[in-house]
Amino acid sequence: MQEQVARFVATDEKPALPPPPGDHGFFGTVRKNLFATPIDSVLSIIAGIFIAWGVWNILEWAIFDAVFTGSDREACLVEGGGHGGACWAFINAKFGQFIYGVYPIAERWRVNLSFALLAILAAGILIPKVPYKAINAVLLFAVFPVVTLVLLTGGRFAFSGGELALVFLIAGALTVSGVAARPDVTSSRIEMRIAVWLLVAGAAAMLLSNVVSAGSVTFLDFRFSILTLVAFLASLAAVALAAYMAITVSAATEWFKLLTPVIAAILFVWVMTANFGLRPVPTNLWGGLMLTLVVALSGIAASLPLGILLALGRRSDMPAVKLICVVFIEFWRGVPLITVLFMANFMLPLFMPEGVSFNQLLRAVVGVALFAAAYMAEVIRGGLQAIPKGQYEGADAMALTYWQKMRLVILPQALKLVIPGIVNTFIGLFKDTSLVYIIGLADLLGTVRRGFNDPTWITPSTPATGLIFAAFVFWLFCFSMSRYSIFMERRLDTGHKR
Amino acid sequence: QTLDTVKERGTLRCGVNTGLPGFASQNDQGEWQGLDVDYCKAIAAAVFGDVSKVQYSPLSAVQRFPALQNNEIDVLARNTTWTMDRDTTLGLAFAGVNYYDGQGFMVKNDLGVTSALELSGATVCVQSGTTTELNLADYFATNNMDYNPVVIESQSDVNSAYDSGRCDVLTTDASGLAASRLEMANPDNHTILPEIISKEPLGPAVRQGDDQWFNVVKWTHYALLNAEELGVTQENVEDMLKSENPEIRRLLGQDKNYGEAIGLDQDWVVNIIKGVGNYGEIFERNIGVNTPLKIQRGQNALWTDGGLQYGMPIR
Amino acid sequence: MSLATETDTAPAKRMEVSDEVAVQMIDVNKWYGEFHVLRDINLTVYKGERIVVCGPSGSGKSTMIRCINRLEEHQRGQIIVDGTELTGDLKKIDEVRREVGMVFQHFNLFPHLTILENCTLAPIWVRKMPKKKAEEIAMHYLTRVKIPDQAHKYPGQLSGGQQQRVAIARSLCMNPRIMLFDEPTSALDPEMIKEVLDVMVGLAEEGMTMLCVTHEMGFARSVANRVIFMDRGQIVEQNEPQAFFDNPQHERTKLFLSQILH
Amino acid sequence: MSLATETDTAPAKRMEVSDEVAVQMIDVNKWYGEFHVLRDINLTVYKGERIVVCGPSGSGKSTMIRCINRLEEHQRGQIIVDGTELTGDLKKIDEVRREVGMVFQHFNLFPHLTILENCTLAPIWVRKMPKKKAEEIAMHYLTRVKIPDQAHKYPGQLSGGQQQRVAIARSLCMNPRIMLFDEPTSALDPEMIKEVLDVMVGLAEEGMTMLCVTHEMGFARSVANRVIFMDRGQIVEQNEPQAFFDNPQHERTKLFLSQILH
Amino acid sequence: MSAEIEARSGPPRGARTSSSLLNDPTFRSIAIQVSLILALVLFAWWLIDNTARNLAAANIASGFGFLWSRAGFDIAQTPIEYSSSETYGRAIFVGIVNTLIVAGAGIVFATIVGFIVGIGRLSQNFLIRLLSTVYVETFRNIPTLLVILFWYFGVLSVLDGPRGLEENAFGFYLTNRGLQTPLVLFDPLAWLTFAAFVIGVLAVVVLARQNKKRQLATGERRPILWPALGLIIGLPLITFLVTGIPATIDYPTPSRFNLQGGFQIRPEFIALFLALSIYTAAFIAEIVRAGILSVAKGQTEAASALGLRRGLTLRLVVVPQAFRVIIPPLTSQYLNLTKNSSLGLAIGYPELVAIGSTVLNQSGQSIEVVMIWMTVYLTISLTVSVFMNWFNAKMALVER
Ligand SMILES: Nc1ncnc2c1ncn2[C@@H]1O[C@H](COP(=O)(O)OP(=O)(O)OP(=O)(O)O)[C@@H](O)[C@H]1O
Ligand SMILES: Nc1ncnc2c1ncn2[C@@H]1O[C@H](COP(=O)(O)OP(=O)(O)OP(=O)(O)O)[C@@H](O)[C@H]1O
Ligand SMILES: [Mg+2]
Ligand SMILES: [Mg+2]
């Protein structure tokens with residue numbers, strides 16, 4: 001008996017056959033998905049009826065009973081009281097306001113131009129196939145904000161001497177550290193040392209100028225106090241020294257690169273102060289979707305770097321640094337955004353020295369950004385924790401410094417890992433911008449609310465129509481962001497597997 | 001110092017209501033108009049001689065005081081009631097009363113209510129953080145009546161809650177009621193009850209401790225009143241410059257430079273009147289009987305006409 | 001491979017195999033969607049037999065043995081386990097599963113339960129045994145796999161080899177008539193492989209019916225009655241281990257063996 | 001094990017060892033919390049020496065060689081690498097790390113960088129080399145470990161053996177004087193072990209100073225000058241490979257060798 | 001080499017020397033921390049100094065004394081005694097209670113909906129899956145505030161008014177004044193019914209314990225659903241009837257302005273409650289789904305292989321493991337819901353922030369009110385986090 005089965009050698013290869021019908025194809029799928037068990041069948045029928053009912057109601061409201069044209073409430077009023085379908089005429093009439101707020105109609109091309117620039121640059125970054133990612137990123141994150149700011153406000157910002165000095169101090173520090181990082185310049189060279197000390201002196205003067213107010217000097221059309229002037233001149237001198245060093249040691253293209261921070265600073269100041277003949281539009285005229293985007297995007301842009309710093313701080317082994325970051329993060333995460341906005345609105349101005357006043361929009365952005373940064377920090381910390389210890393050791397064994405290790409090895413991996421979390425935070429932040437109405441800014445939702453309180457449009461169906469319109473716009477943005485993040489996640493995931 | 005800052009900046013920053021027809025609202029072109037807005041313009045005219053040099057900050061009830069305290073605005077002309085508390089603990093200084101008001105009630109006609117005393121058990125819509133809210137509580141308590149408060153943060157939401165039937169009664173300043181009625185889907189369905197339950201002197205306010213700026217705002221107000229009293233109007237102000245009446249000559253700075261004393265030009269009053277007209281003109285243009293609000297001068301008539309408006313003498 | 005030399009001296013093969021049928025598969029076919037993963041599988045396992053299944057990755061070994069306790073559903077053909085045919089009938093499936101133990105590559109211990117609880121879970125809930133008795137039995141089998149002292153630890157606290165031994169003990173607690181093993185040692189470090197194989201050899205010596213997917217050729221040689229070689233969803237060759245290893249017939253078997261034994 | 005026979009015919013040992021000291025450990029002690037993991041370690045490594053460290057799991061082998069480039073901090077005793085004593089001084093640590101290459105069990109390649117970028121990262125940022133030059137050097141070493149054609153792939157796309165070879169190349173790009181290996185082959189499949197050992201043998205033949213924790217006794221026999229046996233945080237025995245394997249002195253060494261060579 | 005070196009317990013303590021102070025990591029780290037703290041202290045001092053100066057310049061009073069002065073305004077929903085002559089402090093306390101009420105109710109409802117939808121997303125049934133997915137993707141992607149406004153302005157305020165309503169037998173009325181329901185007023189004898197209920201519950205607990213004991217001893221199990229229901233529902237019901245129905249029901253009746261009597265749930269509460277729970281439920285659904293998916297497939301397979309039925313597998317293997325994964329994010333959603341209840345401000349639900357902003361306006365004490373807000377919310381958050389840490393530590397899977 002055993003002998004029969006014990007020895008067996010296949011003689012022919014069995015062909016791969018198609019699966020039997022019944023659990024396959026259209027009917028198979030339907031049966032498996034809808035009518036696998038009696039309970040399933042009942043559920044399917046109930047759900048099916050519910051869906052049909054829901055879809056029918058939505059269609060009825062949004063299309064069949066809806067009013068598409070009209071110039072005031074009369075069009076959308078239903079005879080005999082009751083409420084009819086959607087009042088799309090209302091959306092139609094107020095569309096401009098929903099997008100631009102009360103931005104002057106003649107100047108709306110400026111907003112459109114910014115939107116277009118944003119769309120192009122963002123597409124360049126977001127679509128994986130488009131080349132020149134690096135340049136694009138610089139344009140999007142460095143050039144675009146300044147250009148938009150000038151476009152939307154009209155520019156002609158007045159820089160105080162202190163602000164100017166600060167800009168140049170930062171530029172100077174970047175230049176000097178750039179030059180010092182070159183292998184052929186040792187940081188012990190006397191010129192470098194002088195440059196560094198000049199910067200330190202400049203920074204000290206800046207700090208002092210906050211406490212001591214001394215004299216007022218006008219230099220290059222800017223009003224300086226004596227101390228800020230000192231700081232400004234010191235930073236210029238440091239830049240000059242660094243430039244001299246750079247020129248002596250390297251080729252022309254190289255030193256041009258080294259001087260980029262200074263050139264950028266000069267350009268920045270010029271663009272911000274120059275008169276391009278744009279009519280100034282104060283921020284309290286901004287509103288609608290445009291304002292929503294401004295708050296959300298600047299909040300996002302500010303919260304990401306801040307979140308990274310906080311996350312690194314929270315993982316630091318220096319107890320004080322860690323404690324400070326923990327307290328900061330837990331504080332912001334523990335309170336509702338509304339109270340943060342109230343705080344930004346009522347308390348921030350009290351914190352500032354006399355005479356310094358913050359624009360209302362800026363305050364909202366500060367509040368939103370700090371709030372989002374705390375959440376971002378936690379997301380990024382999750383990413384940092386997920387990086388295996390071996391990566392840190394590998395970098396250490398290669399003698400990279402702490403910041404090199406973080407910047408070149410750890411953060412790129414950690415950030416990639418938490419893209420979904422970051423995008424979720426972005427989505428949360430985008431949705432949260434709707435709260436800025438609390439401090440009197442008319443974002444998309446705010447304008448819609450003002451719209452349906454407008455006596456010319458008051459009908460029972462306008463609020464629902466307006467809110468659903470706003471919901472749809474928000475949904476569109478958030479949903480595409482989340483889909484994009486899923487897409488990116490998949491892409492990055494497969495890119496590394498073999 | 002505010003005056004210097006304003007001059008240096010080149011514009012006056014004026015806090016106004018986010019939208020109260022007749023007092024401060026935006027027309028279809030986005031231009032601001034209303035009684036409070038004209039006060040902003042008047043001050044701008046006094047300082048710059050140009051009514052357009054105003055930057056308006058629409059403020060909600062919650063935002064208005066912090067905005068002033070925090071230097072975001074130079075003057076608050078936002079139908080704000082002058083109370084002792086605000087004058088003292090909030091650090092405000094009221095420069096005068098540009099509208100004598102009182103709190104009233106509005107109800108739907110079909111309720112058949114004719115007196116506020118019939119309102120026991122009603123649901124009342126009121127804006128939060130206002131003196132109105134406090135008066136309401138006091139009024140019902142003193143008259144031993146119940147009510148259900150519905151307290152919402154922005155006036156336009158209060159109005160729409162009332163209009164949609166969430167409340168039976170809407171309460172706010174009588175002038176505000178007149179304005180709110182215009183915002184109803186059907187203004188004719190609503191009645192303003194006769195009772196006025198409080199004193200609501202509304203006026204422009206500035207920060208305490210800056211007497212010069214306080215004087216500018218205060219005397220702009222009195223200049224408007226005096227101009228009306230003396231019959232100086234937007235139209236005839238040029239001619240009036242030649243007037244022999246010593247009071248008019250003093251008002252228009254023909255005899256003595258009163259402007260200098262408060263840091264303004266000699267012809268500051270001329271600029272004001274040229275820009276916005278006198279108090280009566282402002283009133284009639286924005287809220288008077290020929291406007292949709294149809295408000296009588298009443299208490300806001302000049303003292304000479306039996307009202308309360310009394311311009312301090314310029315001399 | 002050290003195992004081979006050790007256990008060769010006491011081959012389990014000597015034990016007799018009854019001619020009662022434990023598992024019978026007749027023309028079994030299975031598809032994953034469009035993919036034909038098992039093709040006309042015919043296999044009869046007698047009580048007491050120890051069968052080793054080998055073959056290249058993806059050849060359907062796991063799928064085949066998972067069909068035996070209906071972790072996968074076959075679409076055509078018959079599978080009869082211990083006299084019960086596997087169909088959609090839930091009662092019968094339950095019956096079969098109670099009689100068939102299974103050990104997985106990744107142990108699949110329940111991490112939230114202690115070792116002892118892992119072992120008593122099924123006896124208490126499925127066999128409706130009193131807890132005391134279940135624990136006694138569990139301790140018995142844990143002693144047999146040489147880890148009675150770990151009974152109150154959690155799976156996460158044990159090494160891989162220990163976890164796999166617990167998994168075997170857990171299956172044994174249900175007192176199964178047939179044991180299925182799906183690559184029980186391939187997730188283990190070399191030092192631990194031996195301890196697990198030792199337990200399996202012990203089981204085999206006691207006459208348990210076993211179907212074992214493994215690449216441990218030493219184990220196959222010393223313990224199995226029969227070695228089955230699968231490729232592309234078919235049984236390509238089966239034979240006694242001696243003959244199978246020393247004298248493979250099919251081309252594919254030869255290729256496979258040459259790769260695996262160097 | 002096949003390696004042993006192959007390379008035995010061309011032993012690298014013939015090369016001369018200088019008497020310059022590369023690494024010197026004097027009475028090194030280390031604790032993890034309360035656990036005394038290195039106990040009075042004394043070890044002198046001369047330039048050009050190839051030392052293999054072996055011993056049971058947990059005996060402190062990894063800890064010892066990780067102390068040499070200060071991935072772990074020792075608490076007592078002195079470690080002098082290439083004339084620089086390792087103290088808390090960050091400058092000196094950086095100096096030492098620049099001179100000492102390290103290869104880990106799990107490769108620790110940076111998965112977000114291509115192979116080439118992995119190799120040029122440190123030369124560019126630490127040695128401040130121009131990118132062009134760094135890439136040339138990297139390609140040179142990648143050619144040497146026989147994977148120049150993979151330069152633009154990502155680590156995740158390579159097999160384990162290839163990854164480990166990249167890891168070696170990456171270390172070599174910094175032009176180190178000493179190479180540390182911590183079980184470089186123990187995470188690899190058997191087929192890949194050889195390709196990595198081949199590279200290491202090549203390195204040894206060129207006279208690189210090497211300290212290598214490994215259980216590949218074939219490699220030790222054919223390449224090492226000296227084999228060190230550690231147990232419980234101490235160096236228990238050290239000797240030339242021939243003598244070490246054929247005639248171990250200490251009880252523990254004998255036991256260990258009997259377990260590992262069967 | 002031969003002598004075994006003794007293990008010494010504990011490393012030596014003491015300072016090591018270093019060539020340059022700047023390169024000593026300990027020194028560096030201390031220097032960085034000290035300067036950071038110094039900078040922070042300076043910054044804080046600067047802020048406080050500015051604030052003090054600004055307050056003085058603006059002549060604003062400060063301090064918490066205002067909490068004891070008369071509030072003067074009324075509050076719509078007062079779960080605890082309150083009238084306009086009470087203090088600001090009391091008003092704020094009413095706000096806190098209202099916050100807790102809406103948060104509590106919202107959490108319960110959101111959890112129920114969230115679990116149903118989350119399980120629905122894993123359903124075999126395509127239509128159920130579709131419905132759940134649409135639900136989740138819709139509500140996750142629109143702002144909470146919008147959902148709140150939608151319920152309030154879009155749905156509830158377009159309902160009919162309370163006058164001219166047709167009376168209905170049940171006494172439930174949903175109008176633009178909210179939901180009016182009959183209210184049960186108990187007579188003194190009613191305590192017996194409550195006592196019976198408590199006794200019933202206790203009896204069920206005892207029964208369940210005994211059942212479990214028996215099962216452990218003999219392996220047998222008996223269904224206790226029916227006896228349990230009988231004890232919990234039947235016993236009180238019988239007592240209620242026997243004691244002569246000691247309750248009257250107060251039905252709402254139309255009066256001049258509103259419905260009078262009965263129990264009223266205000267539309268502000270309904271809108272906020274519905275919006276918060278529906279919104280949060282979308283997130284909870286995702287958490288539940290992820291939690292269930294996080295239980296490896298091998299676990300269910302192993303359970304099946306042991307002969308456990310699907311129901312038992314879920315109860316004994318999947319749910320206990322999923323819960324460890326679900327609980328932490330679930331709590332943070334609960335916290336979010338609580339924090340989001342502050343949006344009640346937008347529709348006039350008198351919770352902490354809404355009342356706080358009224359107080360802020362009436363008294364002008366912005367700093368103090370903001371501080372009170374922050375303190376209350378931080379207290380809630382921190383309490384929950386402490387609890388969570390304890391819970392996580394307790395539930396953590398033991399690893400080696
Ligand atoms: N759930 C599934 N859905 C679709 N295809 C599957 C599924 N499970 C397995 N397969 C495919 O079926 C084939 C056989 O799988 P099976 O796991 O039985 O192979 P195996 O012989 O056990 O291989 P290994 O040695 O890798 O475990 C493989 O090609 C596999 O990709
Ligand atoms: N970071 C750490 N904290 C506490 N104990 C540690 C740490 N790292 C290692 N140990 C312990 O120190 C001892 C020595 O570890 P080490 O890794 O040096 O051993 P090894 O000889 O390399 O062992 P293996 O062969 O397993 O790699 C072990 O008992 C280990 O558990
Ligand atoms: Mg398999
Ligand atoms: Mg090790």
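We name chains A, B, ... by the order of the sequence lines, and we start the count at 1 in each one.
- Each of D:Ile93, D:Asn69, D:Leu180, D:Leu121 has some count of heavy-atom pairs under 4.5 Å with chain A, and the biggest count is that of D:Leu121.
- When atom types are taken as modelled, the side chain of D:His112 and the backbone of A:Leu408 share a donor-acceptor pair closer than 3.5 angstrom.
- Residue contact with chain A, scored on non-hydrogen atoms closer than 4.5 Å, involves the backbone of D:Val100 exclusively.
- One finds the CZ atom of D:Phe110 at 11.0 Å from the CD1 atom of A:Ile387 (value rounded to the nearest 0.5 Å).
- The interface of residues 390-405 of chain A with chain D, defined by heavy-atom distances below 4.5 Å, comprises A:Gly390, A:Gln391, A:Glu393, A:Gly394, A:Ala395, A:Asp396, A:Ala397, A:Met398, A:Ala399, A:Leu400, A:Gln404.
- Contacts between D:Asp94 and chain A at a heavy-atom distance below 4.5 Å involve backbone atoms as well as side-chain atoms.
- Contact tally against chain A (heavy-atom pairs below 4.5 Å) for D:Arg97, D:Arg98, D:Glu95: the top residue is D:Arg97.
- Rounding to the nearest 0.5 angstrom, the gap separating the CZ atom in D:Phe104 from the NZ atom in A:Lys389 is 10.0 Å.
- The contact between D:Leu109 and chain A is made entirely by backbone atoms, counting heavy-atom distances below 4.5 Å.
- Counting only residues at least two apart or in different chains, salt bridge (Lys or Arg N to Asp or Glu O under 4.0 Å) contacts with residues 158-170 of chain D comprise D:Arg165-D:Glu195.
- Along residues 300-319 of chain A, no residue comes nearer than 4.5 angstrom to chain D, judged on non-hydrogen atoms.
- Checked against side-chain contact (heavy atoms from CB on, under 4.5 Å), A:Ala137 has the following partners two or more places apart in sequence or in another chain: A:Ile125, A:Phe141.
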